[in-house]
Amino acid sequence: MKLEKSSRFSACPGPVVTIVLDGVGISPREDGDAVKTARTPMLDKLMANFPMTALRAHGTAVGMPSDEDMGNSEVGHNAIGAGRVFAQGAKLVAESIASGNLWQGQAWQEVVATAKQGGTLHFLGLFSDGNVHSHIDHLRAMIDQAKKEGVSKVRLHILLDGRDVGETSALDYVDPFEAYLDGLRSADFDVAIASGGGRMTITMDRYEAHWAMVQRGWDIHVRGEGRQFASAHEAIVTYRNESNVIDQDLPGFVISKDGKPLGPIVDGDAVVLFNFRGDRAIEISRAFTEENFTAFARGPLPKVTYAGMMQYDGDTKLPPRFLVQPPAIDRTMGEYLAKNGISQYAISETQKYGHVTYFWNGNRSGKFDETLETYVEIPSDVVPFEQRPWMKCAEITDALIDAVRSGKYRYLRVNYANGDMVGHTGNFEAAVTAMQGLDLQLARLIPVILAANGTAIITADHGNADEMYELDKKGNVTRDAEGRTKAKTSHTLNPVPFVLVSGEDNPGYKLRQDLAAAGLSNIAATVLNLLGYEAPEDYDASLIESV
Ligand SMILES: O=C(O)[C@H](O)COP(=O)(O)O
Ligand SMILES: [Mn+2]
Ligand SMILES: [Mn+2]
(Lines give C-alpha, C1' and ligand atoms only; values in the text may rest on other atoms or scores of the structure.)
(Ligands and ions follow the chains in the order given, each with its own letter.)
Protein backbone atom coordinates (compact mmCIF):
# COMPACT_ATOMS: atom_id res chain seq x y z
CA MET A 1 0.00 0.00 0.00
CA LYS A 2 2.79 2.41 -0.81
CA LEU A 3 1.78 5.85 -2.08
CA GLU A 4 3.97 7.28 -4.85
CA LYS A 5 5.27 10.81 -4.41
CA SER A 6 3.74 12.95 -7.11
CA SER A 7 5.93 14.53 -9.74
CA ARG A 8 3.05 16.78 -10.75
CA PHE A 9 1.93 18.18 -7.44
CA SER A 10 4.08 19.59 -4.69
CA ALA A 11 2.87 18.82 -1.20
CA CYS A 12 0.86 21.52 0.52
CA PRO A 13 3.30 23.12 3.01
CA GLY A 14 0.72 23.04 5.81
CA PRO A 15 -2.09 20.71 6.84
CA VAL A 16 -4.86 19.65 4.49
CA VAL A 17 -8.27 19.85 6.15
CA THR A 18 -11.50 18.40 4.76
CA ILE A 19 -14.55 20.13 6.22
CA VAL A 20 -17.80 18.22 5.72
CA LEU A 21 -20.86 20.39 6.24
CA ASP A 22 -23.28 17.53 6.75
CA GLY A 23 -26.54 18.08 4.88
CA VAL A 24 -25.58 21.30 3.09
CA GLY A 25 -26.45 20.98 -0.60
CA ILE A 26 -26.85 23.42 -3.47
CA SER A 27 -30.49 23.87 -4.35
CA PRO A 28 -31.62 25.32 -7.68
CA ARG A 29 -34.25 27.47 -5.93
CA GLU A 30 -34.37 30.01 -3.10
CA ASP A 31 -37.75 29.06 -1.70
CA GLY A 32 -37.29 26.94 1.42
CA ASP A 33 -33.50 26.91 1.12
CA ALA A 34 -32.11 27.54 4.60
CA VAL A 35 -28.58 27.61 3.22
CA LYS A 36 -29.28 30.55 0.93
CA THR A 37 -31.61 32.26 3.39
CA ALA A 38 -29.05 32.23 6.17
CA ARG A 39 -26.66 35.15 6.44
CA THR A 40 -23.34 33.39 5.87
CA PRO A 41 -20.78 36.04 4.91
CA MET A 42 -17.80 33.71 5.33
CA LEU A 43 -19.16 30.87 3.23
CA ASP A 44 -20.30 33.36 0.59
CA LYS A 45 -16.86 34.92 0.46
CA LEU A 46 -15.11 31.56 0.18
CA MET A 47 -17.44 30.39 -2.58
CA ALA A 48 -16.97 33.62 -4.51
CA ASN A 49 -13.19 33.89 -4.21
CA PHE A 50 -11.84 30.36 -4.35
CA PRO A 51 -12.08 27.57 -6.92
CA MET A 52 -15.45 25.91 -6.52
CA THR A 53 -17.46 23.20 -8.20
CA ALA A 54 -20.58 21.16 -7.43
CA LEU A 55 -20.29 17.43 -6.76
CA ARG A 56 -22.90 14.74 -7.26
CA ALA A 57 -23.84 13.22 -3.93
CA HIS A 58 -26.87 11.03 -4.64
CA GLY A 59 -28.01 8.02 -6.61
CA THR A 60 -25.55 6.02 -8.67
CA ALA A 61 -22.78 8.52 -7.89
CA VAL A 62 -22.70 7.07 -4.36
CA GLY A 63 -23.66 3.44 -5.10
CA MET A 64 -27.43 3.68 -4.64
CA PRO A 65 -29.74 1.63 -6.88
CA SER A 66 -30.98 4.60 -8.95
CA ASP A 67 -30.69 8.34 -9.40
CA GLU A 68 -34.08 8.70 -7.71
CA ASP A 69 -32.36 7.76 -4.45
CA MET A 70 -31.15 10.66 -2.32
CA GLY A 71 -27.72 10.54 -0.77
CA ASN A 72 -27.10 9.85 2.88
CA SER A 73 -24.27 10.04 5.36
CA GLU A 74 -23.19 6.44 5.07
CA VAL A 75 -22.88 6.29 1.29
CA GLY A 76 -21.53 9.85 1.16
CA HIS A 77 -18.77 9.34 3.70
CA ASN A 78 -17.96 5.91 2.26
CA ALA A 79 -17.43 7.52 -1.16
CA ILE A 80 -15.37 10.39 0.23
CA GLY A 81 -13.18 8.09 2.30
CA ALA A 82 -12.75 5.29 -0.24
CA GLY A 83 -12.24 7.38 -3.37
CA ARG A 84 -14.36 4.92 -5.32
CA VAL A 85 -18.03 4.05 -5.56
CA PHE A 86 -19.16 0.72 -4.13
CA ALA A 87 -22.57 -0.82 -4.65
CA GLN A 88 -24.23 -0.04 -1.34
CA GLY A 89 -26.52 -1.93 1.05
CA ALA A 90 -29.71 -0.73 -0.60
CA LYS A 91 -28.55 -2.15 -3.91
CA LEU A 92 -26.88 -5.30 -2.60
CA VAL A 93 -29.93 -6.38 -0.61
CA ALA A 94 -32.31 -5.73 -3.51
CA GLU A 95 -30.06 -7.78 -5.80
CA SER A 96 -29.68 -10.58 -3.29
CA ILE A 97 -33.46 -10.84 -3.00
CA ALA A 98 -34.03 -10.63 -6.76
CA SER A 99 -31.49 -13.36 -7.47
CA GLY A 100 -32.69 -15.52 -4.59
CA ASN A 101 -29.18 -15.64 -3.13
CA LEU A 102 -30.46 -14.34 0.18
CA TRP A 103 -32.59 -17.46 0.70
CA GLN A 104 -29.64 -19.73 -0.09
CA GLY A 105 -27.43 -18.17 2.57
CA GLN A 106 -26.71 -19.94 5.84
CA ALA A 107 -28.02 -17.06 7.93
CA TRP A 108 -31.47 -17.11 6.36
CA GLN A 109 -31.62 -20.88 6.59
CA GLU A 110 -30.76 -20.79 10.30
CA VAL A 111 -33.41 -18.16 10.88
CA VAL A 112 -36.05 -20.23 9.09
CA ALA A 113 -34.94 -23.45 10.78
CA THR A 114 -35.33 -21.79 14.19
CA ALA A 115 -38.82 -20.61 13.33
CA LYS A 116 -39.80 -24.01 12.02
CA GLN A 117 -38.78 -25.62 15.28
CA GLY A 118 -41.62 -23.73 16.89
CA GLY A 119 -40.14 -20.29 17.40
CA THR A 120 -41.67 -17.04 16.25
CA LEU A 121 -39.90 -15.17 13.46
CA HIS A 122 -39.58 -11.48 14.33
CA PHE A 123 -38.70 -8.73 11.89
CA LEU A 124 -37.52 -5.45 13.37
CA GLY A 125 -36.56 -2.34 11.45
CA LEU A 126 -37.30 1.00 9.88
CA PHE A 127 -40.70 0.79 8.22
CA SER A 128 -40.53 2.92 5.06
CA ASP A 129 -39.15 3.01 1.56
CA GLY A 130 -36.55 5.66 2.44
CA ASN A 131 -33.78 3.31 1.29
CA VAL A 132 -31.34 4.97 3.70
CA HIS A 133 -31.47 2.37 6.48
CA SER A 134 -33.97 -0.08 5.02
CA HIS A 135 -36.64 -0.67 2.40
CA ILE A 136 -40.12 -1.97 3.14
CA ASP A 137 -39.99 -4.11 -0.05
CA HIS A 138 -37.18 -6.15 1.50
CA LEU A 139 -39.42 -6.83 4.49
CA ARG A 140 -42.29 -7.90 2.25
CA ALA A 141 -40.06 -10.25 0.28
CA MET A 142 -38.84 -11.90 3.49
CA ILE A 143 -42.35 -12.35 4.87
CA ASP A 144 -43.49 -13.90 1.58
CA GLN A 145 -40.50 -16.22 1.56
CA ALA A 146 -40.95 -17.21 5.21
CA LYS A 147 -44.51 -18.22 4.47
CA LYS A 148 -43.42 -20.13 1.38
CA GLU A 149 -40.84 -22.02 3.42
CA GLY A 150 -43.42 -23.07 5.98
CA VAL A 151 -42.80 -20.65 8.85
CA SER A 152 -46.03 -20.42 10.79
CA LYS A 153 -45.70 -17.39 13.07
CA VAL A 154 -44.27 -13.97 12.20
CA ARG A 155 -44.27 -10.78 14.28
CA LEU A 156 -43.26 -7.31 13.10
CA HIS A 157 -41.69 -4.55 15.17
CA ILE A 158 -41.95 -1.40 13.12
CA LEU A 159 -39.99 1.80 13.55
CA LEU A 160 -41.88 4.73 12.08
CA ASP A 161 -39.79 6.95 9.87
CA GLY A 162 -40.81 10.54 9.05
CA ARG A 163 -37.14 11.42 8.59
CA ASP A 164 -36.09 9.81 5.31
CA VAL A 165 -39.67 10.07 4.00
CA GLY A 166 -42.57 12.50 4.51
CA GLU A 167 -42.75 13.68 8.11
CA THR A 168 -46.28 12.37 8.69
CA SER A 169 -46.44 9.50 6.23
CA ALA A 170 -46.57 6.57 8.70
CA LEU A 171 -50.11 5.53 7.82
CA ASP A 172 -49.24 5.52 4.11
CA TYR A 173 -47.05 2.57 4.98
CA VAL A 174 -48.99 0.96 7.82
CA ASP A 175 -52.47 0.82 6.25
CA PRO A 176 -51.54 -0.87 2.95
CA PHE A 177 -49.23 -3.20 4.84
CA GLU A 178 -52.02 -4.30 7.15
CA ALA A 179 -54.12 -5.04 4.07
CA TYR A 180 -51.26 -7.06 2.63
CA LEU A 181 -50.90 -8.99 5.92
CA ASP A 182 -54.66 -9.68 5.90
CA GLY A 183 -54.19 -11.28 2.50
CA LEU A 184 -51.36 -13.49 3.75
CA ARG A 185 -52.91 -14.64 7.01
CA SER A 186 -54.28 -18.16 6.98
CA ALA A 187 -54.96 -21.11 9.31
CA ASP A 188 -51.29 -22.01 9.23
CA PHE A 189 -49.75 -18.57 8.83
CA ASP A 190 -50.11 -16.15 11.72
CA VAL A 191 -48.60 -12.74 11.01
CA ALA A 192 -49.10 -9.42 12.82
CA ILE A 193 -47.50 -6.16 13.83
CA ALA A 194 -46.48 -6.56 17.48
CA SER A 195 -44.84 -3.30 18.47
CA GLY A 196 -43.37 -0.08 17.19
CA GLY A 197 -42.69 3.58 17.69
CA GLY A 198 -40.92 6.61 16.24
CA ARG A 199 -37.37 5.93 15.17
CA MET A 200 -36.03 8.88 17.16
CA THR A 201 -37.70 7.78 20.40
CA ILE A 202 -36.91 4.08 20.40
CA THR A 203 -34.29 1.60 19.24
CA MET A 204 -32.40 3.50 16.52
CA ASP A 205 -29.90 5.52 18.53
CA ARG A 206 -26.40 5.79 17.08
CA TYR A 207 -22.86 6.18 18.36
CA GLU A 208 -24.08 5.69 21.93
CA ALA A 209 -25.58 9.18 21.96
CA HIS A 210 -28.64 8.10 23.97
CA TRP A 211 -28.84 4.49 25.14
CA ALA A 212 -32.15 5.20 26.88
CA MET A 213 -33.76 5.14 23.43
CA VAL A 214 -32.51 1.63 22.85
CA GLN A 215 -33.67 0.52 26.27
CA ARG A 216 -37.17 1.82 25.54
CA GLY A 217 -37.13 -0.12 22.28
CA TRP A 218 -35.92 -3.26 24.03
CA ASP A 219 -38.69 -3.07 26.62
CA ILE A 220 -41.30 -2.59 23.92
CA HIS A 221 -40.14 -5.13 21.32
CA VAL A 222 -38.63 -7.82 23.52
CA ARG A 223 -40.49 -7.60 26.82
CA GLY A 224 -43.77 -6.36 25.41
CA GLU A 225 -43.82 -3.60 28.02
CA GLY A 226 -45.34 -0.33 26.91
CA ARG A 227 -48.63 1.41 26.29
CA GLN A 228 -51.01 -1.02 24.66
CA PHE A 229 -53.10 -0.56 21.54
CA ALA A 230 -55.23 -2.81 19.37
CA SER A 231 -53.35 -1.87 16.20
CA ALA A 232 -50.49 0.25 14.91
CA HIS A 233 -53.02 2.44 13.14
CA GLU A 234 -54.79 3.11 16.42
CA ALA A 235 -51.51 3.89 18.18
CA ILE A 236 -50.44 6.39 15.54
CA VAL A 237 -53.79 8.17 15.41
CA THR A 238 -54.06 8.30 19.21
CA TYR A 239 -50.56 9.68 19.71
CA ARG A 240 -51.07 12.26 16.97
CA ASN A 241 -54.25 13.47 18.65
CA GLU A 242 -52.56 13.65 22.02
CA SER A 243 -49.45 15.49 20.99
CA ASN A 244 -48.38 17.32 17.92
CA VAL A 245 -45.30 15.32 17.01
CA ILE A 246 -44.10 14.05 13.65
CA ASP A 247 -43.60 10.35 12.95
CA GLN A 248 -39.95 10.07 13.93
CA ASP A 249 -40.85 11.33 17.43
CA LEU A 250 -43.99 9.24 18.10
CA PRO A 251 -43.78 7.30 21.38
CA GLY A 252 -43.45 3.54 21.43
CA PHE A 253 -46.43 1.17 21.46
CA VAL A 254 -47.22 -2.48 22.09
CA ILE A 255 -49.98 -4.26 20.19
CA SER A 256 -52.02 -6.44 22.51
CA LYS A 257 -55.09 -8.59 22.68
CA ASP A 258 -57.00 -8.96 25.96
CA GLY A 259 -54.13 -7.19 27.70
CA LYS A 260 -51.54 -9.63 26.38
CA PRO A 261 -48.76 -8.38 24.11
CA LEU A 262 -48.96 -10.00 20.68
CA GLY A 263 -45.31 -10.67 20.15
CA PRO A 264 -42.73 -10.46 22.91
CA ILE A 265 -39.39 -12.00 21.96
CA VAL A 266 -38.63 -15.17 23.91
CA ASP A 267 -36.28 -18.16 24.01
CA GLY A 268 -36.33 -20.16 20.79
CA ASP A 269 -37.39 -17.25 18.54
CA ALA A 270 -35.56 -15.85 15.54
CA VAL A 271 -35.00 -12.12 15.08
CA VAL A 272 -34.06 -10.37 11.84
CA LEU A 273 -33.07 -6.72 11.96
CA PHE A 274 -33.94 -5.71 8.41
CA ASN A 275 -32.00 -2.43 8.38
CA PHE A 276 -28.99 -2.67 6.12
CA ARG A 277 -27.24 0.47 7.38
CA GLY A 278 -25.14 0.04 10.46
CA ASP A 279 -24.89 3.22 12.51
CA ARG A 280 -28.36 2.97 14.03
CA ALA A 281 -28.39 -0.83 13.99
CA ILE A 282 -25.31 -1.46 16.11
CA GLU A 283 -26.62 -0.71 19.60
CA ILE A 284 -29.74 -2.85 19.38
CA SER A 285 -27.66 -5.62 17.75
CA ARG A 286 -25.27 -5.47 20.68
CA ALA A 287 -28.20 -5.76 23.08
CA PHE A 288 -29.33 -8.95 21.31
CA THR A 289 -25.91 -10.56 20.96
CA GLU A 290 -23.55 -9.51 23.77
CA GLU A 291 -23.27 -11.89 26.69
CA ASN A 292 -21.81 -9.29 29.03
CA PHE A 293 -23.89 -6.27 28.26
CA THR A 294 -23.86 -3.28 30.58
CA ALA A 295 -25.31 -0.38 28.56
CA PHE A 296 -28.72 -0.77 30.25
CA ALA A 297 -30.56 -3.25 32.44
CA ARG A 298 -31.63 -5.66 29.75
CA GLY A 299 -33.16 -8.31 32.02
CA PRO A 300 -32.85 -11.94 30.99
CA LEU A 301 -31.45 -12.23 27.45
CA PRO A 302 -33.76 -14.42 25.38
CA LYS A 303 -31.88 -17.15 23.51
CA VAL A 304 -32.69 -16.24 19.93
CA THR A 305 -31.24 -16.74 16.47
CA TYR A 306 -30.33 -13.15 15.67
CA ALA A 307 -29.46 -11.98 12.16
CA GLY A 308 -28.72 -8.52 10.80
CA MET A 309 -29.55 -7.70 7.21
CA MET A 310 -25.82 -7.01 6.90
CA GLN A 311 -22.77 -7.13 9.05
CA TYR A 312 -22.74 -3.63 10.46
CA ASP A 313 -19.16 -3.35 11.73
CA GLY A 314 -16.31 -4.96 9.84
CA ASP A 315 -13.90 -4.60 12.76
CA THR A 316 -16.00 -6.02 15.59
CA LYS A 317 -17.82 -8.41 13.23
CA LEU A 318 -21.21 -7.34 14.53
CA PRO A 319 -23.53 -9.10 14.29
CA PRO A 320 -21.89 -12.47 13.67
CA ARG A 321 -24.89 -13.71 11.67
CA PHE A 322 -26.05 -11.59 8.73
CA LEU A 323 -28.08 -12.13 5.58
CA VAL A 324 -26.22 -10.16 2.92
CA GLN A 325 -22.51 -9.57 2.53
CA PRO A 326 -21.77 -5.84 3.04
CA PRO A 327 -19.93 -3.83 0.36
CA ALA A 328 -16.25 -4.82 0.39
CA ILE A 329 -14.86 -1.32 0.93
CA ASP A 330 -11.09 -1.65 1.07
CA ARG A 331 -7.98 0.51 0.75
CA THR A 332 -9.62 3.71 1.96
CA MET A 333 -7.69 6.96 1.95
CA GLY A 334 -7.37 6.71 5.74
CA GLU A 335 -5.71 3.33 5.45
CA TYR A 336 -3.31 4.56 2.76
CA LEU A 337 -2.33 7.56 4.86
CA ALA A 338 -1.83 5.44 7.96
CA LYS A 339 0.27 2.88 6.11
CA ASN A 340 2.45 5.64 4.65
CA GLY A 341 3.21 7.22 7.98
CA ILE A 342 0.98 10.28 7.55
CA SER A 343 -0.65 11.64 10.69
CA GLN A 344 -4.42 12.10 10.74
CA TYR A 345 -6.95 13.81 12.96
CA ALA A 346 -10.72 13.29 12.81
CA ILE A 347 -13.31 15.17 14.83
CA SER A 348 -17.05 15.56 15.14
CA GLU A 349 -19.73 15.58 17.80
CA THR A 350 -21.37 12.33 18.91
CA GLN A 351 -24.18 12.43 16.34
CA LYS A 352 -21.68 12.38 13.49
CA TYR A 353 -18.61 10.96 15.20
CA GLY A 354 -18.86 7.61 13.43
CA HIS A 355 -19.39 9.37 10.13
CA VAL A 356 -15.82 10.77 10.07
CA THR A 357 -14.33 7.60 11.55
CA TYR A 358 -16.41 4.46 10.95
CA PHE A 359 -18.16 5.40 7.69
CA TRP A 360 -15.06 7.25 6.47
CA ASN A 361 -13.00 4.10 6.95
CA GLY A 362 -15.40 1.82 5.06
CA ASN A 363 -17.63 0.83 8.02
CA ARG A 364 -14.84 -0.14 10.39
CA SER A 365 -14.95 1.19 13.90
CA GLY A 366 -11.24 0.80 14.72
CA LYS A 367 -8.16 2.78 13.75
CA PHE A 368 -5.55 1.70 11.22
CA ASP A 369 -2.73 3.04 13.36
CA GLU A 370 -3.07 3.95 17.03
CA THR A 371 -0.08 6.27 17.07
CA LEU A 372 -0.68 8.14 13.80
CA GLU A 373 -4.40 8.74 14.21
CA THR A 374 -6.30 10.89 16.69
CA TYR A 375 -10.09 10.67 16.79
CA VAL A 376 -11.98 13.22 18.88
CA GLU A 377 -15.66 13.07 19.86
CA ILE A 378 -17.34 16.14 21.34
CA PRO A 379 -20.43 14.91 23.26
CA SER A 380 -23.66 15.99 21.55
CA ASP A 381 -26.57 17.54 23.41
CA VAL A 382 -29.46 15.17 24.04
CA VAL A 383 -32.23 17.62 23.19
CA PRO A 384 -34.33 18.24 20.09
CA PHE A 385 -31.87 20.01 17.83
CA GLU A 386 -34.28 22.75 16.80
CA GLN A 387 -33.79 23.97 20.38
CA ARG A 388 -29.97 24.08 19.99
CA PRO A 389 -29.34 24.58 16.27
CA TRP A 390 -25.75 25.60 16.88
CA MET A 391 -25.19 22.15 18.35
CA LYS A 392 -21.49 21.68 19.19
CA CYS A 393 -19.99 23.50 16.23
CA ALA A 394 -18.14 26.00 18.43
CA GLU A 395 -16.63 23.31 20.67
CA ILE A 396 -15.60 21.26 17.64
CA THR A 397 -13.93 24.33 16.18
CA ASP A 398 -12.08 25.05 19.44
CA ALA A 399 -10.54 21.59 19.38
CA LEU A 400 -9.88 21.61 15.64
CA ILE A 401 -8.11 24.96 15.80
CA ASP A 402 -5.85 23.59 18.53
CA ALA A 403 -5.12 20.54 16.41
CA VAL A 404 -4.27 22.62 13.34
CA ARG A 405 -2.05 24.93 15.37
CA SER A 406 -0.28 22.03 17.06
CA GLY A 407 1.36 21.17 13.75
CA LYS A 408 1.05 17.49 14.63
CA TYR A 409 -1.27 16.49 11.82
CA ARG A 410 -0.79 16.44 8.05
CA TYR A 411 -4.39 15.56 7.29
CA LEU A 412 -7.44 16.58 9.30
CA ARG A 413 -11.13 16.04 8.77
CA VAL A 414 -14.24 17.32 10.48
CA ASN A 415 -17.95 16.82 10.18
CA TYR A 416 -20.25 19.62 11.29
CA ALA A 417 -23.68 18.11 11.93
CA ASN A 418 -25.78 21.29 11.89
CA GLY A 419 -27.17 21.41 8.33
CA ASP A 420 -28.28 17.82 8.59
CA MET A 421 -29.47 17.27 12.16
CA VAL A 422 -31.38 20.55 12.24
CA GLY A 423 -32.54 19.99 8.65
CA HIS A 424 -34.15 16.73 9.78
CA THR A 425 -36.34 18.58 12.29
CA GLY A 426 -38.18 20.29 9.44
CA ASN A 427 -37.89 23.60 11.30
CA PHE A 428 -36.91 26.23 8.75
CA GLU A 429 -35.99 29.00 11.21
CA ALA A 430 -33.80 26.64 13.20
CA ALA A 431 -32.06 25.46 10.04
CA VAL A 432 -31.29 29.07 9.12
CA THR A 433 -29.83 29.62 12.58
CA ALA A 434 -27.85 26.40 12.24
CA MET A 435 -26.21 27.67 9.06
CA GLN A 436 -25.44 31.02 10.64
CA GLY A 437 -23.82 29.36 13.63
CA LEU A 438 -21.76 27.25 11.30
CA ASP A 439 -20.61 30.27 9.33
CA LEU A 440 -19.24 31.91 12.48
CA GLN A 441 -17.11 28.83 13.00
CA LEU A 442 -15.82 28.82 9.43
CA ALA A 443 -14.84 32.43 9.98
CA ARG A 444 -12.72 31.31 12.95
CA LEU A 445 -11.32 28.15 11.41
CA ILE A 446 -10.31 29.13 7.87
CA PRO A 447 -7.87 31.90 8.86
CA VAL A 448 -6.13 29.47 11.23
CA ILE A 449 -5.72 26.90 8.44
CA LEU A 450 -4.38 29.56 6.09
CA ALA A 451 -2.00 30.90 8.75
CA ALA A 452 -0.58 27.38 9.00
CA ASN A 453 -0.02 27.42 5.21
CA GLY A 454 -2.72 24.78 4.93
CA THR A 455 -5.45 24.00 2.44
CA ALA A 456 -9.11 23.58 3.30
CA ILE A 457 -11.66 21.64 1.30
CA ILE A 458 -15.21 22.65 2.13
CA THR A 459 -17.76 20.12 1.02
CA ALA A 460 -20.76 18.07 2.17
CA ASP A 461 -22.01 14.49 2.07
CA HIS A 462 -25.52 15.23 0.69
CA GLY A 463 -28.16 17.94 0.86
CA ASN A 464 -30.77 18.54 3.55
CA ALA A 465 -31.01 22.14 4.84
CA ASP A 466 -31.06 23.31 1.22
CA GLU A 467 -34.67 22.08 0.89
CA MET A 468 -36.81 22.56 3.96
CA TYR A 469 -40.21 22.45 2.18
CA GLU A 470 -41.82 19.60 0.29
CA LEU A 471 -41.75 19.97 -3.48
CA ASP A 472 -44.32 18.92 -6.06
CA LYS A 473 -43.47 16.69 -9.02
CA LYS A 474 -42.31 19.70 -11.04
CA GLY A 475 -39.87 20.71 -8.31
CA ASN A 476 -41.82 23.69 -7.01
CA VAL A 477 -42.58 24.22 -3.34
CA THR A 478 -46.03 22.83 -2.48
CA ARG A 479 -48.41 25.36 -0.92
CA ASP A 480 -51.97 24.80 0.25
CA ALA A 481 -54.84 27.22 -0.38
CA GLU A 482 -53.66 29.40 2.52
CA GLY A 483 -50.14 29.48 1.10
CA ARG A 484 -48.77 27.18 3.80
CA THR A 485 -45.81 24.97 3.01
CA LYS A 486 -45.23 21.44 4.26
CA ALA A 487 -42.01 20.78 6.14
CA LYS A 488 -39.54 18.46 4.49
CA THR A 489 -37.37 16.51 6.91
CA SER A 490 -35.45 14.25 4.53
CA HIS A 491 -32.27 14.65 2.50
CA THR A 492 -32.28 16.12 -1.00
CA LEU A 493 -31.10 15.05 -4.44
CA ASN A 494 -29.03 18.21 -4.84
CA PRO A 495 -25.30 18.33 -5.47
CA VAL A 496 -22.94 19.61 -2.81
CA PRO A 497 -20.26 22.28 -2.84
CA PHE A 498 -16.58 21.61 -3.24
CA VAL A 499 -14.51 24.70 -2.41
CA LEU A 500 -10.73 24.59 -2.42
CA VAL A 501 -9.30 27.22 -0.11
CA SER A 502 -5.60 27.91 -0.01
CA GLY A 503 -3.52 30.95 0.88
CA GLU A 504 -1.05 30.57 -1.96
CA ASP A 505 -1.43 32.82 -4.97
CA ASN A 506 -0.06 30.17 -7.28
CA PRO A 507 -0.72 26.84 -5.65
CA GLY A 508 0.45 24.96 -8.77
CA TYR A 509 -2.91 23.38 -9.53
CA LYS A 510 -6.35 24.29 -10.75
CA LEU A 511 -9.73 22.60 -10.80
CA ARG A 512 -10.21 20.30 -13.77
CA GLN A 513 -12.94 21.39 -16.13
CA ASP A 514 -13.14 18.12 -18.06
CA LEU A 515 -14.77 15.88 -15.45
CA ALA A 516 -18.33 15.56 -16.66
CA ALA A 517 -20.11 14.23 -13.61
CA ALA A 518 -17.73 14.55 -10.71
CA GLY A 519 -18.96 13.30 -7.38
CA LEU A 520 -17.92 12.68 -3.80
CA SER A 521 -15.69 9.78 -4.81
CA ASN A 522 -13.37 12.25 -6.58
CA ILE A 523 -12.37 13.92 -3.31
CA ALA A 524 -9.96 11.27 -1.98
CA ALA A 525 -7.60 11.45 -4.98
CA THR A 526 -7.69 15.23 -4.68
CA VAL A 527 -6.64 15.07 -1.03
CA LEU A 528 -3.78 12.72 -1.84
CA ASN A 529 -2.58 15.08 -4.59
CA LEU A 530 -2.72 18.04 -2.21
CA LEU A 531 -0.56 16.04 0.19
CA GLY A 532 1.94 15.53 -2.65
CA TYR A 533 1.08 11.94 -3.60
CA GLU A 534 -0.33 10.27 -6.65
CA ALA A 535 -3.62 8.55 -5.94
CA PRO A 536 -3.85 4.76 -6.35
CA GLU A 537 -4.63 3.85 -9.97
CA ASP A 538 -8.15 2.63 -9.35
CA TYR A 539 -9.25 5.67 -7.36
CA ASP A 540 -11.69 7.96 -9.14
CA ALA A 541 -10.04 10.96 -10.76
CA SER A 542 -8.67 13.88 -8.82
CA LEU A 543 -10.55 17.15 -9.12
CA ILE A 544 -7.34 19.11 -9.69
CA GLU A 545 -4.67 19.22 -12.39
CA SER A 546 -1.24 20.76 -12.18
CA VAL A 547 -0.48 24.02 -13.97
O1 LIG B 1 -30.12 8.34 10.31
C2 LIG B 1 -30.54 9.46 10.03
O3 LIG B 1 -30.52 10.40 10.83
C4 LIG B 1 -31.16 9.67 8.67
O5 LIG B 1 -31.85 8.52 8.28
C6 LIG B 1 -30.13 9.92 7.64
O7 LIG B 1 -29.25 10.96 8.01
P8 LIG B 1 -27.69 10.84 7.76
O9 LIG B 1 -27.53 9.95 6.56
O10 LIG B 1 -27.27 12.25 7.45
O11 LIG B 1 -27.08 10.31 8.97
MN1 LIG C 1 -25.13 13.27 6.42
MN1 LIG D 1 -29.23 13.13 7.67
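Only this structure's heavy atoms are used, side chains among them; waters, hydrogens and symmetry mates stay out. Whatever order the structure lists ligands and atoms in, that order sets their numbers, starting from 1.
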Looking only at non-hydrogen atoms, find the nearest pair between Leu250 and Tyr239 and report the distance.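 Reported closest heavy-atom pair: CD2-CB, 3.7 Å.
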
Minimum heavy-atom distance Val422-Met391, with the two atoms named: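 Where Val422 meets Met391 most closely, the heavy atoms are CG2-SD, 4.2 Å.
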
Residues in contact with ligand 1, criterion: heavy atom under 4.0 Å: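 Answer by chain and number: Asp22, Asn72, Ser73, Val132, His133, Arg163, Asp164, Arg199, Arg206, Arg277, Arg280, Lys352, His355, Asp420, His424, His462, His491.
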
As a test of reading the structure, name the N/O/S atom of Asp461 that is nearest the Mn ion (ligand 2).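 Of the nitrogen, oxygen and sulfur atoms in Asp461, the Mn ion (ligand 2) lies nearest to OD2.
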
Min side-chain heavy-atom separation Val499-Ile457 under 4.5 Å: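 Contact flag for Val499/Ile457 side chains = no.
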
Do Phe385 and Asn427 touch side chain to side chain, with heavy atoms closer than 4.5 Å?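 Sidechains of Asn427 and Phe385: no contact.
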
Is the terminal nitrogen or CZ of Arg277 (NZ for Lys, CZ for Arg) located under 6.0 angstrom from the six-membered ring centre of Tyr312 and within 45° of that ring's axis?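 Geometry flag: not set, cation outside 6.0 Å or 45°.
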
So if I apply the ring-ring contact (aromatic ring centres under 6.0 Å, His included) rule between His355 and each of Phe359, Tyr358, Tyr353, which one comes out positive?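 Filter result, single survivor: Phe359.
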
What protein N/O/S atoms lie closer than 2.8 Å to the Mn ion (ligand 3)?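 Those protein N, O or S atoms (cut-off: under 2.8 Å from the Mn ion (ligand 3)) are Asp420 OD1, Asp420 OD2, His424 NE2, His491 NE2.
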
Parallel, tilted or perpendicular: ring planes of Phe293 versus Phe296, cut at 30 and 60 degrees: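 It falls in the perpendicular class, over 60°.
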
Per-pair distances, 0.1 Å, donor-acceptor, side chain in residues 432-439, under 3.5 Å, sequence neighbours excluded:
residue	atom	partner	partner atom	Å
Thr433	OG1	Glu429	O	3.1
Gln436	OE1	Arg39	N	2.7
Asp439	OD1	Met42	N	3.4
Asp439	OD1	Leu43	N	2.7
Asp439	OD2	Met42	N	2.9

Do His58 and His491 have ring centroids that are under 6.0 Å from one another?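 No, too far apart.
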
Salt bridge (Lys or Arg N to Asp or Glu O under 4.0 Å) involving Asp129 - partner list, sequence neighbours excluded: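 Salt bridge (Lys or Arg N to Asp or Glu O under 4.0 Å) check on Asp129 returns nothing, list empty.
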
